[in-house]
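Written below as structure tokens is the structure these notes are about.
No hydrogens, no waters, no symmetry mates; every other heavy atom, side chains included, goes into these values. Below, read A as the first sequence line, B as the second, and so on, with proteins coming before strands; counting in each chain starts at 1.
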Amino acid sequence: MASDSSPVNFNNGPSSPQDSSSSPIPNTSSPAHRRRGGRRQTSTPSSAAATPPPNPSRFAKSSSTPTPSRSTRRGRRPATSPTPTAAATPSSTDDFPPPSSDGGEDMEEATPTFVWGTNISVQDVKNAIQMFIKHFRETQELSNDIYGEGKYTRLIHRVLEIEGEWIDVDAQDVFSYDSDLYNKMVRYPLEVLAIFDIVLMDIVSLINPLFDKHVQVRIHNLKSATSMRNLNPSDIEKMVSLKGMVIRCSSIIPEIREAVFRCIVCGYHSDPVVVDRGRITEPTTCSKPDCLAKNSMTLVHNRCRFADKQIVRLQETPDEIPEGGTPHTVSLLMHDKLVDAGKPGDRVEVTGIYRAMSVRVGPTQRTVKSLFKTYIDCLHIKKTDKSRMMAEDPMEVDNGSQSQRIEDDVQLDEDKVEELKELSKQPDIYERLTRSLAPNIWELDDVKKGLLCQLFGGNALKLPSGASFRGDINILLVGDPGTSKSQLLQYIHKLSPRGIYTSGRGSSAVGLTAYVTKDPETGETVLESGALVLSDRGICCIDEFDKMSDNARSMLHEVMEQQTVSIAKAGIIASLNARTSVLACANPSGSRYNPRLSVIDNIHLPPTLLSRFDLIYLILDKADEQTDRHLAKHIVSLHFEDTEIAEQDVLDLATLTAYVSYARKNIHPKLSDEAAEELTRGYVDMRKRGNFPGSSKKVITATPRQIESLIRLSEALARIRFSEWVEMRDVTEAFRLLEVAMQQSATDHSTGTIDMDLITTGVSASERMRRENVLSATRNIIMEKVQLGGPSVRLLELLDELKKQSSGNEIHLHDLRNAVSTLASEGFVVLHGDSVKRI
Amino acid sequence: MGGPPYDCLANPLGAVRLTFEKAIGSGTQTHPSAFDGKDWGALDVFRHFLFQESGLSQVPILNPKTMRWVRPYTLVRYRGMIQDMLGNEIYAGAYKDGYLWRTNKFMDISQYPMGSSPDMCVWERRLLYCVPVPGQSSWTEPSCEMNLNQGMDQSSQNRGKRRRMDDEDDPMDVVHDDEVKSSPTTKKMREDGFPFSSPESRDSKTGSSCTSMATFQYVDKDYLPCLVKIYDSPESELKLNDVVEFIGVLSFDSELALEKDDELSNNFYDDALVYLPPNKVPRLHCIIHRKLAVHDFLQGFPIMEPKPHLVKEIREALFRHLTAVLGNDGVAAHFMLLHLLSKVHARAFDVFVGKLSLNLIGLSKESVSVFGIRLSQAVKNLLPFTHCIPLTLEYLNTASLAPKRDYQTNRLIRGVLQLPEGSHLMVDETQLESGTLNSKGIENTKLLKNLVEFQKVEYDFQYCKMEMAADVQLLIFSEGKSNIVPADVVIPFQPSSLGSSEIPVAEAVEAWRWYLATVQSLPYSIGSEMQKEVEDDLVAARQADRSLGSQDFNRWMTMARLVSTSFGETSLSMEHWQMVKELERLRMERLK
């Protein structure tokens with residue numbers, strides 16, 4: 001039976017908040033309790049779960065409600081009544097079924113005791129817990145050695161060795177061993193945990209009778225976590241598990257647990273007085289028989305016992321907040337060792353007991369407000385992001401607090417992982433993901449595929465020699481205005497972990513990398529990270545890359561290849577990690593892309609920087625009626641069908657994000673032999689293509705940077721398929737992607753071949769050849785036509801002459817101008833405006 | 001008036017109690033835990049009273065003025081925007097007083113002693129912090145005079161009636177007379193009808209004015225927030241920034257203010273509530289709530305079918321009015337009309353269908369002082385919620401535009417941009433001078449840009465930011481095209497005269513308000529033939545001018561919709577499409 005499925009009867013039983021302060025344990029008056037009670041009282045009053053006083057609990061007794069007097073009266077009844085039925089007093093009709101699995105073993109106990117208000121036998125629970133601690137084995141242990149010590153017996157030994165104060169018990173273990181015990185524990189945590197503590201102390205005292213520290217049990221990892229939003233009255237007094245973020249911690253409150261009074265008349269010290277429901281009753285008379293002075297007792301602070309207490313506020317995780325709602329918060333009460341376990345900003349998973357206490361209208365009034373204040377009595381706290389920080393894979397998706405979009409510490413549960421794996425097995429997953437990426441932007445499929453690769457990323461490699469290869473893929477989009485480049489960027493920014501979006505126009509070098517400031521308060525110099533450092537392990541989207549100042553762009557050289565940012569200023573010399581994929585987009589320098597000019601000429605970017613992009617896509621706005629119609633149709637339908645825009649068969653953003661982060665975290669593909677071979681072969685092929693038979697002209701079609709890009713791309717493609725091996729088809733696709741991208745940007749328009757010189761130097765081989773030709777032709781003409789020191793010749797005349805001579809090639813004025821200026825630099829001619837004069 | 005034996009208006013809790021006892025007593029249904037906090041029939045009684053017996057108009061609206069005479073534990077209504085959600089509160093819903101079940105639903109303090117009873121049902125309710133709708137125009141508030149008189153009459157009348165009723169035919173009271181009399185507090189309640197009310201209120205019974213709320217301290221004379229406690233409503237029904245009318249029981253207990261002494265528990269729990277002392281923020285136990293549309297604010301104008309000829313007439317008049325306000329600039333008036341009708345109809349990842357923000361350029365500081373003010377008055381007069389931001393450097397650097405969660409008080413601090421759906425926001429950029437923006441200024445400009453482009457506002461929860469969808473009409477005045485707030489439509493403003501500042505007839509204004517509210521929500525479609533036409537036009541336009549992009553097309557389509565609906569038509573016609581193109585042509589001409 002699940003803990004939350006059964007309706008709880010609030011009229012009686014421990015579930016009523018009215019009685020929350022009164023632990024039902026006193027009625028569990030088995031002889032064993034009594035025996036140990038006295039000792040415990042002195043040694044560990046903070047957790048005196050089984051001490052005789054009416055209200056022993058290790059939990060806060062902050063309730064100020066007058067406890068119903070009947071609770072104690074009724075509580076004792078089961079101990080005196082011999083039959084189990086007596087426990088079920090007329091009003092305490094509870095619907096919890098009698099324990100069935102472990103009910104048969106305690107027959108020798110003459111008078112079964114019951115948890116008040118229920119028919120749970122204390123002895124049964126005790127036996128069950130003992131069985132659990134002694135006999136629980138983890139699955140792998142079960143097979144190995146069945147006679148060895150169980151997990152928790154070992155844990156107890158260890159705790160004794162290190163003199164620890166608690167034992168973490170995995171609730172899943174309890175469930176798998178004895179689901180009935182688990183259900184009882186979740187439904188009646190106060191009672192069952194108290195018994196648990198007793199059992200633990202029994203065991204501890206058996207092992208080491210001199211061990212006088214109190215060992216508590218801490219339950220964690222419940223089967224199902226509750227959403228903070230769904231906490232409701234039926235959860236009160238039950239064990240719950242919540243995820244959230246710590247937003248506020250109170251200061252540590254010393255809470256009195258045991259007070260000692262002294263008589264100011266005779267100096268007699270009273271016995272320790274234990275806190276009862278948040279109050280300590282000061283003795284009115286001195287208890288020394290020969291003094292008996294009235295109103296003479298004062299508190300002796302030094303001899304009182306205090307315990308740490310802290311109140312922490314927890315806010316629910318953003319993914320649990322429904323649309324149009326604000327985050328809920330809940331108070332946590334932390335005790336002893338749990339104090340300061342979480343700091344504001346920590347994401348934690350908390351296991352505790354949901355409790356409510358009533359509010360009095362005023363301290364002096366008897367009237368009780370009908371309100372209850374709720375809080376969670378914390379049993380266990382776990383920081384959920386710890387494991388992430390310890391993982392060392394540099395490509396791991398790791399989210400800082402500044403990235404709020406994707407909560408990757410939303411630990412993917414198994415169902416989700418299964419779902420993703422199922423998804424990855426689909427044969428068309430690559431196409432499907434492509435389609436899901438920015439579904440509002442059509443065409444551009446190859447660009448999207450490139451972006452997909454960037455999202456998944458390749459494997460970073462660090463050689464023992466210290467050389468490292470980046471796994472990040474950098475992409476540049478160049479294109480006409482209005483071709484939805486920025487939208488793509490925005491989309492990737494939304495999707496990527498730790499994405500940073502900046503505009504080149506507004507970015508300065510320091511804003512991108514890092515800068516040093518003086519802290520206004522302390523006067524220390526502080527290093528502040530810029531966009532690239534902040535997007536470490538993410539994607540830095542830079543819009544209007546071309547408009548960025550040269551100064552800022554030069555900083556990118558280091559980032560894009562070395563993946564670090566080095567700072568040397570104001571006494572700080574540092575090298576910061578910036579393992580960032582850069583996604584930039586640029587507009588052509590004219591308003592439109594001029595297909596006759598090279599990429600370099602079009603975007604005015606230094607070739608050194610350009611070559612650091614793995615893929616450069618040209619997004620050209622072709623005057624294509626088909627595309628226009630497609631666009632028109634889409635927009636019309638958008639405005640006509642009001643609500644439904646989503647395309648079918650497309651993964652939603654959340655799934656896509658989960659898919660990407662899972663892949664980045666868990667999939668690390670390696671090159672298979674055949675893939676490696678294919679890579680080599682393909683690369684050699686590409687290099688060969690530059691050598692035209694019979695031509696001395698050497699065109700570089702591929703550089704070593706390309707092979708690195710290819711490896712990264714194929715790794716990313718394997719990751720998309722959740723495959724641990726890079727296969728042949730990945731390599732083929734990587735080649736295709738690279739070729740498509742290069743064809744667009746590095747194609748020499750005059751010859752139609754790919755020419756890496758275009759990217760690396762900005763001038764293609766054929767262009768260089770042509771320029772040489774024009775230059776020599778011009779030189780010849782000037783030699784022939786223009787006399788030394790004679791009248792100057794206009795450029796247009798020269799152009800006509802040139803055109804006449806070279807009939808095949810088209811020659812433009814600016815070609816000629818270039819040639820003439822070269823000649824001028826040689827000291828051959830002088831150029832004044834439009835006229836050329838030979839000297 | 002025969003009616004039920006209780007007065008919903010003056011003693012709503014009596015009605016609650018009666019229905020509760022009836023439900024408990026009837027048949028097998030005897031254990032209140034079966035209700036689980038759900039309604040047991042009380043809602044029907046109130047619904048019947050409010051809507052069938054048209055008792056709604058008799059319920060006083062809570063505002064600073066009425067606050068002076070409204071009595072606690074009576075039925076009131078409050079109109080406001082949900083500004084923050086303070087989570088759930090658990091309360092003792094039903095408890096046993098002796099042998100009888102009592103309920104605490106719709107009240108803060110139990111009327112009967114309940115301390116020693118272990119039989120109790122625990123229920124929960126939601127807390128909403130509501131504020132008057134930001135930028136609410138004065139015309140939306142019902143004329144107080146009428147309400148006041150009516151309310152006074154009603155309450156005194158009811159008072160007499162209620163007392164008679166108590167003596168004669170309220171069986172419940174008779175039954176428990178003995179118990180009730182045993183406690184002095186409850187005795188007072190018995191006589192008074194109001195538990196725990198202060199001594200003054202007793203005296204006031206004889207006087208003409210009630211001072212039961214005399215202890216209420218005004219923080220701001222015109223600003224009355226309210227803490228609403230919601231009982232029977234699913235969580236998804238009420239969202240942040242919704243404008244809602246809550247009808248329920250006003251509760252006010254001075255004793256609650258004493259809570260502060262208990263410092264430990266304050267530090268501990270409802271931080272938010274400590275900062276909302278009951279003597280500053282009244283509590284309303286909501287029985288019935290309804291979301292308000294613009295129509296609910298219209299007074300006196302009958303709700304009717306939007307007949308085409310009628311709509312056209314009103315449209316013409318409104319257009320003339322706008323033209324006059326805009327100094328005879330007809331084109332600008334056209335765009336202004338469309339702008340006033342705009343509303344986000346659908347959202348996709350990056351496309352927002354239906355928004356049409358307007359940027360009037362060519363305005364200087366001087367002309368803004370004439371036209372800007374006149375226009376803002378005109379808009380205020382037409383739309384229920386309007387706002388104006390003077391975009392100066394200082395404002396950008398200091399104002400907090402985004403709402404922010406303050407974890408000290410555990411509340412959401414309202415930002416200027418926390419606006420309900422359908423708000424109108426005017427941004428006056430003409431006063432902006434060159435200078436340096438600090439980090440807050442940059443944040444603020446980003447917010448404004450996001451609002452105009454994506455209709456989203458990022459709320460700052462310190463440890464995380466949450467985007468909240470907004471639907472705000474933005475009107476920007478600037479000299480040149482505004483880059484801080486890039487609007488959908490940029491139009492140079494060319495007035496030919498100073499324009500008249502005549503005040504339109506009240507009835508006409510009423511009609512315009514009705515028109516704007518009605519036409520905005522008309523359904524819309526494009527016939528298949530028209531679709532083809534439009535597509536062809538778009539393709540042709542793009543072939544002719546490559547600089548046109550999806551943004552332009554989106555704007556055209558939005559305008560087409562707005563033009564059609566502005567004529568009261570539900571599908572696009574060729575004539576209106578031509579009109580859109582013509583308007584765009586005129587605009588482009590001006591931009592050159």
B:Ser571 portion near chain A, given a 4.5 angstrom heavy-atom threshold:
neither
Under 4.5 Å from any heavy atom of chain A, what part of B:Met468 do you find: side chain, backbone, both or neither?
side chain
Selection residues 527-550 of chain B - residue pairs positive for ring-ring contact (aromatic ring centres under 6.0 Å, His included), sequence neighbours left out
none
Inspect the surroundings of NZ in B:Lys343 and state if more than 12 heavy atoms from other residues, nucleotides or ligands are less than 6.0 Å away.
yes
For B:Tyr459, all residues meeting ring-ring contact (aromatic ring centres under 6.0 Å, His included), sequence neighbours excluded:
none
Between B:Asp242 and chain A, which part of the residue has a heavy atom less than 4.5 Å away: side chain, backbone, both or neither?
neither
Can you tell me if B:Gln83 uses its side chain to pair, donor with acceptor, with the backbone of B:Leu412 under 3.5 Å?
yes
